[in-house]
Amino acid sequence: MSGHGTPTPMTSHRAEPLKGTAEVPGDKSISHRSLILGAMAIGETKISGLLEGDDVLDTAKAMQAFGAEVTNHGGGNWSVHGVGVGGFAEPDQVIDCGNSGTGVRLIMGCMATSPISVTFTGDASLNGRPMARVTDPLALFGTKAVGRKGGRLPMTIVGAAEPTPVRYVVPVPSAQVKSAVLLAGLNAPGKTVVIEKEATRDHSERMLAGFGAEITVEDTDEGRVITLTGQPELKPQVIAVPRDPSSAAFPVCAALITPGSDVLVPGIGLNPTRAGLFYTLQDMGADLTFENPREEGGEPVADLRAKFSPNMQGIEVPPERAASMIDEYPVLSVVASFATGKTMMAGVKELRVKESDRIDAMARGLRANGVTVDEGEDWWSVEGLGPDGVPGGGTCESFLDHRIAMSFMVMGMGAQNPVTVDDGNPITTSFPIFEPLMTGLGAKLSKG
Ligand code: S3P
């Protein structure tokens, strides 16, 4: 839904040692895709562990509007009775994707090759984000898009009645763009080919194969070449959504910077296209271990154990790792503030077009809390102040961005003085149980 109600400030006070087990919710990327692919299969897909954050709930509503039957059975168990590839009905109403770039871009892709017209909108953050990166490749299928200046929402997409398959080299490292093109390719006859120069999260490829689509992935000199044969009959699946590494990042990082902490974060998806943060933290000297590695639902999974780590050093984060940790730079910059020496994060231009300009949002908030930050268009650096060196005491804007809000709440747990965000409401988009989960470990959060 658009908007998050009246802004509610949230403050994080120096925490007790964080102890215990943090059962974080299901993976956001996989949750969106489970609902969308479930809606495009014929028959009933059963999903357990679905993330019930606002972003995913908006996608569930959208799939209902397209004619799929989506049922919440409670406790994270959902089912989707799909209408099949090419079976979407035209929604009666505008599709409101709330805060979710993944939701809107994937849904645009999945309807782009059906003969229906759909108008999309979102909250102030989403309505400011660029959509041309998706509507440009969709135009190659014959899809039309009319939006506001700069390719912004609200926007109407007119699906191609007679789509032709496409070959598209994705110009920016974006799993959303790649996925939108693949989903559009589902209802185009023949082979759609997507090429990415940098590997991004591959949940769409894995799940399309799981649903029975003919899809191949080849590493070539040109990049990763993904070839999808259109117009398959997708078979319903039973999906156990792994817990989200991007949500696990918050209790893990909080434990690393809060004296005396020892936290177990079980069952975390460690798909290599998602796990970059954890390797970066280990490179910095974090006491972070992977226990009980296993495979669940086609994804590598492990239990993470994070302990207070007073000896972390600033590092240069390898730019080629950026795509595998793109959502984790905000909270990494908080950890970097508690390390010794400078942390350099380069090759991260994409951070400027997320739910907020995340370099700008974090730089402002870190400075308000006594941390020195330097930045350029596609890089930023943070001067670490050591394990007990972050003054805190600042108030930061969250810019309708859940990860900015949660990152500053983590900062307050280890800082000398409380850290406040002007609005904690956006947290429900991806991590609705953040507050009880963190306070259950020993965090001290207050609202209002
Ligand atoms: C996502 C892809 C990434 C990521 C987002 C989720 C996905 O966005 O930031 O939170 O599920 O495909 P980009 O495609 O813009 O990199």
Side-chain angles (χ1 to χ4, degrees), residues 25-37 50-51 53-56 58-59 97-110 122 125-126 128-138 151 168 170-184 194 196-208 224 226 241-242 244-250 269 271 273-277 299 319 321-332 347-359 361-362 378 400-404 406-407 426-427 429-431:
D27 189 280
K28 181 154 75 66
S29 295
I30 296 177
S31 294
H32 281 295
R33 288 160 171 80
S34 300
L35 293 167
I36 293 171
L37 288 172
L50 188 86
L51 166 64
D54 295 343
D55 278 12
V56 174
D58 286 333
T59 290
C97 290
N99 190 249
S100 183
T102 307
V104 74
R105 292 180 175 133
L106 267 55
I107 297 169
M108 282 178 174
C110 76
S125 155
L126 188 59
R129 296 180 67 185
M131 293 297 142
R133 53 177 52 202
V134 170
T135 54
D136 285 352
L138 295 183
Y168 189 67
V170 186
V172 285
S174 168
Q176 292 172 0
V177 175
K178 168 179 68 177
S179 302
V181 178
L182 289 172
L183 290 170
V194 184
E196 57 177 6
K197 291 178 205 135
E198 276 176 60
T200 63
R201 66 192 68 195
D202 62 357
H203 306 301
S204 297
E205 297 91 304
R206 288 175 186 241
M207 292 178 75
L208 279 163
R224 278 181 84 240
I226 306 150
V241 179
D244 198 325
S246 299
S247 295
F250 297 103
N271 180 315
T273 61
R274 294 289 298 283
L277 170 75
E299 295 274 350
R321 206 180 267 172
S324 70
M325 53 182 286
I326 195 67
D327 290 336
E328 284 66 74
Y329 282 93
V331 75
L332 173 66
V348 291
K349 196 161 65 200
E350 279 295 299
L351 290 178
R352 296 207 179 270
V353 289
K354 295 291 178 186
E355 286 83 329
S356 65
D357 174 341
R358 285 182 170 162
I359 296 178
M362 287 307 300
D378 89 330
L400 289 180
D401 188 330
H402 50 131
R403 299 201 199 281
I404 301 300
M406 288 187 279
S407 296
I427 291 174
T429 63
S430 69
F431 201 157

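Numbers here are sequence positions counted from 1. Computed from a predicted model, the values in this text were never measured in an experiment. First listed ligand is number 1; within each ligand, the first listed atom is number 1.
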Novice: What distance separates Arg274 CZ from Thr200 OG1, expressed to the nearest 0.5 Å?
Specialist: 11.0 Å
Novice: Run the salt bridge (charged side-chain N to carboxylate O under 4.0 Å, His left out) test against Glu350 and tell me which residues pass, sequence neighbours left out.
Specialist: Arg133
Novice: Report yes or no: does Pro173 have a heavy atom closer than 4.0 Å to ligand 1?
Specialist: yes
Novice: Go through ligand 1 atom by atom and flag the ones less than 4.0 Å from a non-hydrogen atom of Ser29.
Specialist: 6 (C), 7 (C), 11 (O)
Novice: Hey, does Thr429 have a side-chain heavy atom less than 4.5 Å from the side chain of Glu355?
Specialist: no
Novice: Give yes if a backbone or side-chain nitrogen or oxygen of Arg129 is under 3.5 Å from a nitrogen or oxygen of ligand 1, and no if not.
Specialist: no
Novice: Can you tell me if Lys178 has a non-hydrogen atom under 4.0 Å from ligand 1?
Specialist: no
Novice: Who pairs with Phe431 by ring-ring contact (aromatic ring centres under 6.0 Å, His included), at least two apart in sequence or on another chain?
Specialist: Phe434
Novice: So how far is it from Tyr168 OH to Glu196 CD, rounded to the nearest 0.5 Å?
Specialist: 12.5 Å
Novice: What residue and heavy atom of the protein are closest to atom 10 (O) of ligand 1, and at what distance?
Specialist: Asp327 OD2, 2.7 Å
Novice: In ligand 1, which numbered atoms sit nearer than 4.0 Å to a non-hydrogen atom of Ser174?
Specialist: 13 (P), 14 (O), 15 (O), 16 (O)
Novice: Can you list the ligand 1 atoms lying under 4.0 Å from a non-hydrogen atom of Lys28?
Specialist: 10 (O)
Novice: Measuring from Gln176:CD to Ser29:OG, what's the distance to the nearest 0.5 Å?
Specialist: 8.0 Å
Novice: With a 4.0 Å cut-off, would you call Asp401 and Lys354 a salt bridge?
Specialist: no
Novice: Which residue supplies the protein heavy atom nearest to atom 15 (O) of ligand 1, what is that atom called, and how far is it?
Specialist: Lys354 NZ, 3.1 Å
Novice: In the protein, what heavy atom is nearest to atom 6 (C) of ligand 1, and what distance, to one decimal place, separates them?
Specialist: Thr102 OG1, 3.2 Å
Novice: Does any non-hydrogen side-chain atom of Asp378 lie less than 4.5 Å from one of Arg352?
Specialist: no
Novice: Is Arg201 touching ligand 1 with its side chain, its backbone, both, or neither, if touching means heavy atoms under 4.0 Å apart?
Specialist: side chain
Novice: Looking only at protein heavy atoms, which one is nearest to atom 12 (O) of ligand 1, and how far off is it?
Specialist: Arg33 NH2, 2.7 Å
Novice: Does an N or O anywhere in Val177 fall below 3.5 Å from an N or O of ligand 1?
Specialist: no
Novice: Any N or O of Ser179 that comes nearer than 3.5 Å to an N or O of ligand 1?
Specialist: no
Novice: So, are Arg201 and Asp27 salt-bridged, with charged N and O less than 4.0 Å apart?
Specialist: no
